[in-house]
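Each residue takes its place number in the sequence, starting with 1.
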Amino acid sequence: MGINLGHDRSVSVVSDGKLLVSIEQERLDRIKHSVGFMYQSPGEMRHIQVPGECIRYCLDMLDVPLAAMDTITANMPGIDFSPEIMRGKFSRDIACKVQTVPGHHLAHAYSAYWPSGFEESLVLSVDASGLTSRKGLGWETESYSLYAGKGTELELLHDEGVRAHLAQLSTLGFVYEYVSRKAGFETKVNSGLSFPESGKLMGLAAYGGPQPAWEQWFRPVKDSLSLEISAYDIFLEIEALEKKYDTGQGKPYFRPWLVDLAYKAQMELENALCHIVEVAMQRTGLNRLCIAGGIGLNSVANYKVLTQCGLDDIFIFPAAGDNGISAGCAYWAYATVEKGTERPKLKAATLGKPRSRDEIDKAVEDYEDLVVVERHDHDGMVKKVADALAEGHIVARFEGGCESGPRALGHRSILADPAFLRMKDVINARVKFREAFRPFAPFVPLERANEVFVLETESPFMLLVAEIRKEFHSLLPSITHADGTGRVQTCTRETNRFFYELCHAVEDIREGPPVLLNTSFNVAGQPIVETPEQAIKTFLRTDIDYLALEDCWIYRKHAPVKAYEDHVAD
């Protein structure tokens, strides 16, 4: 068992090298990021609470007691208090199983490399903050770490550290988060804490452009895996821009200087990552790359690294942020404590608990006065959804266990046909209740991906933003971002039969490319739905037209289903 005790607490279980289950605490307690601070000690990492609901969830799904775990390994960023927290929570027979992973970035590295399917590759752990430890007379925080993976071994090639007291403006992740906050992208929680929403900055960057007087923030050191980063220069430049150009009027992300600053932050990050990877490739001869850490969720940068560095292949763990630390801890313990050697490839991110027939029936029964329910087999449901999408309706899909990580990949998704001109605006305004500029992701059968996108590798976890070929820009307006790209999810019959067949079914109805729109089944600021009851509640409080809940085709009893033109008019 692996446990993340930082923000985005989570629990995962590995057996014989296979990741069996992984769940985030926010999906269960419905508190975004679910950091686990006690009311009396907000921000005190020593007092973070063990995610007990996640532990119970995993044990129930596997139908085993906690004593069945051979090892229990937890981790957190910064100073790692997790081993002492864990040992203080359990009886002696369980506490003796607690292990200590040597570093935060090492846990990230195992989550990326172990399930990648690569026999050898570079492994990059890059985030806002890794392990903080004493170095000489001061304290140092991990900024990024690079490893060479070969077989079952991970060899550290480079560990880039920064002075701990300057970490918030001198790690790649923290600088990106700092700009995200400046743009107003953050989630506030009751204890006074807030979490940056860096994915929004990535979307905003497509609307910005370069400025001639900018200073370079991340300066590559020639033939070195290091970067020169001056925290003071970054801080002063941003403050100077704000003082000169900021009007204080309207939402920050509408202000031109911040839009261009988003572009700069994204460009600087991409160039820094490409430098690190290019030097590492020259030194090692390795042409495959695994990425984990929060920066691994930057799908624009991932694609830039893949294409600009000439990599043969890339793998990004679906829960690349700290929610994936629990999987990394479990993989690390299996590999190093138990000396395991099995490394099955992770082909699907659906690592949650499938919901029972009883749970589904009860949820439907509880809302029977508000909804109409039809039952369909697999083929019937594919046809129902395809017909609805082709007519311009919005359909939510709930199937099997939830996905690990922040991306819904078909089991907790909201679907639409991106061929409709205003579909992005409709879903942002009437379903997701979020910023109008934010793009939506396309999904496509793997064998057809390179026909529509400039993409010659799989992207099963929606972590590559690829160019959309120009002839499809006007055909797929609702998933084509301002810079002509889309965050692609590829699907196969083996890993996602419903999505795969749905793409082809819609193509048969309306012709055009077999590409559909997918976004997570939630509204802005809330975790993705986990249970059938949450699915129905979210359906009823939004302008989603239909809910395909396993074999149940659901629509409102007392309100007509809206046509696409009605959605646009609203």
Side-chain angles (χ1 to χ4, degrees), residues 1-14 19 21-26 33-37 44-52 54-55 58 69-90 94-95 97-115 123-134 139-145 147 154 156 159 161 164 167 171 173 290-296 317-338 404-405:
M1 177 176 283
I3 300 175
N4 171 43
L5 280 182
H7 59 85
D8 298 291
R9 291 178 297 160
S10 63
V11 175
S12 303
V13 177
V14 164
L19 186 56
V21 55
S22 186
I23 186 66
E24 296 167 54
Q25 181 68 19
E26 70 166 35
H33 298 296
S34 192
V35 71
F37 288 132
E44 177 51 64
M45 298 295 283
R46 288 180 183 272
H47 297 158
I48 276 184
Q49 300 300 290
V50 173
C54 288
I55 293 175
C58 293
M69 300 300 146
D70 292 324
T71 60
I72 300 173
T73 309
N75 182 257
M76 64 171 60
I79 299 173
D80 187 12
F81 299 112
S82 54
E84 63 186 74
I85 292 173
M86 294 301 301
R87 292 189 181 102
K89 294 291 184 183
F90 297 110
I94 301 297
K97 299 171 185 256
V98 172
Q99 307 293 321
T100 304
V101 63
H104 187 72
H105 280 181
L106 185 62
H108 272 314
Y110 269 94
S111 76
Y113 177 65
W114 203 263
V123 185
L124 179 61
S125 296
V126 53
D127 56 12
S129 174
L131 176 70
T132 298
S133 57
R134 187 182 293 276
W139 290 81
E140 190 171 279
T141 295
E142 291 175 319
S143 174
Y144 59 87
S145 302
Y147 303 82
L154 276 175
L156 180 65
D159 184 15
T171 73
C290 301
I291 303 179
I295 293 295
F317 188 66
D322 276 10
N323 44 10
I325 280 291
S326 61
C329 286
Y331 281 127
W332 170 84
Y334 170 75
T336 62
V337 179
E338 300 179 36
S404 175

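Taking both residues in full, the closest heavy atoms of Leu106 and Val101 are given as CD2-CG2, 4.4 Å, listed atom of the first, atom of the second, then distance. Scanning both residues, Gly2 and Ala330, for their nearest heavy atoms gives N-CB, 3.7 Å. Gly296 and Ile291 get closest at one heavy-atom pair: CA-CG2, 3.7 Å. The shortest heavy-atom contact between Glu24 and Cys54 is C-SG, 3.6 Å. Of all the heavy atoms in Gly173 and Ile295, the pair that sits closest is CA-CD1, 3.9 Å. The two residues Pro51 and Ser10 make their nearest non-hydrogen contact at CG-O, 4.2 Å.
Using a 4.5 Å heavy-atom threshold, the side chains of Gln49 and Phe37 count as separate. When side chains are defined from C-beta on, Thr71 does not count as touching Met1, because their heavy atoms never get closer than 4.5 Å.
Here the CG atom belonging to Asn75 is positioned 4.5 Å from the CG atom belonging to Asp80, to the nearest 0.5 angstrom. Taking CE of Met76 as the start and CG of Leu5 as the end, the distance is 5.0 Å to the nearest 0.5 Å. Once rounded to the nearest 0.5 Å, the distance linking CD1 of Ile3 with CE of Met86 reads 3.5 Å. Residue Trp332 holds its CH2 atom at 7.0 Å from OG1 of Thr100, rounded to the nearest 0.5 Å. The distance from atom CD1 of Ile79 to atom CG of Leu131, rounded to the nearest 0.5 Å, is 9.0 Å. How far OH of Tyr331 is from CG of Leu19: 4.0 Å, rounded to the nearest 0.5 Å.
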Q: Please report the C-alpha distance between Tyr110 and Thr336 in whole Å, then the side-chain angles of each, then the deciding distance to 0.1 Å, and finally whether the side-chain contact (heavy atoms from CB on, under 4.5 Å) criterion is met.
A: CA-CA 11 Å; Tyr110 269 94; Thr336 62; 3.5 Å; yes
Q: Could you give me the CA-CA distance, side-chain angles and deciding distance for Thr171 and Tyr144, then say whether side-chain contact (heavy atoms from CB on, under 4.5 Å) is met?
A: CA-CA 8 Å; Thr171 73; Tyr144 59 87; over 6 Å; no
Q: Kindly determine whether Asp159 and Glu142 satisfy side-chain contact (heavy atoms from CB on, under 4.5 Å), including the steps that lead there.
A: CA-CA 7 Å; Asp159 184 15; Glu142 291 175 319; 3.8 Å; yes
Q: Mind running side-chain contact (heavy atoms from CB on, under 4.5 Å) on Cys290 and Tyr147 for me, showing each step along the way?
A: CA-CA 10 Å; Cys290 301; Tyr147 303 82; over 6 Å; no
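Paired with His105 under the rule side-chain hydrogen bond (donor to acceptor under 3.5 Å, both in side chains), one option of Ser145, Ser129, Ser143 passes, and it is Ser145. Of the candidates Gln25, Glu26, Arg9, Ser34 forms a side-chain hydrogen bond (donor to acceptor under 3.5 Å, both in side chains) with just one, namely Arg9.
Side-chain atoms of Asn323 and Asn4 include no donor-acceptor pair closer than 3.5 Å. Looking only at atom types and distance, the side chain of Ser22 has a donor-acceptor partner in the side chain of Ser12 under 3.5 Å away.
Formation of a donor-acceptor pair under 3.5 Å by the Glu84 side chain with backbone atoms of Ser82 is not found in this model. Of the possible donor and acceptor atoms, one in the side chain of Arg87 sits under 3.5 Å from a partner among the backbone N and O of Val98. In terms of modelled atom types and a separation under 3.5 Å, the side chain of Lys97 and the main chain of Met69 share a donor-acceptor contact.
Residue pairs satisfying the salt bridge (Lys or Arg N to Asp or Glu O under 4.0 Å) criterion with at least one member in residues 317-336, sequence neighbours excluded, are absent.
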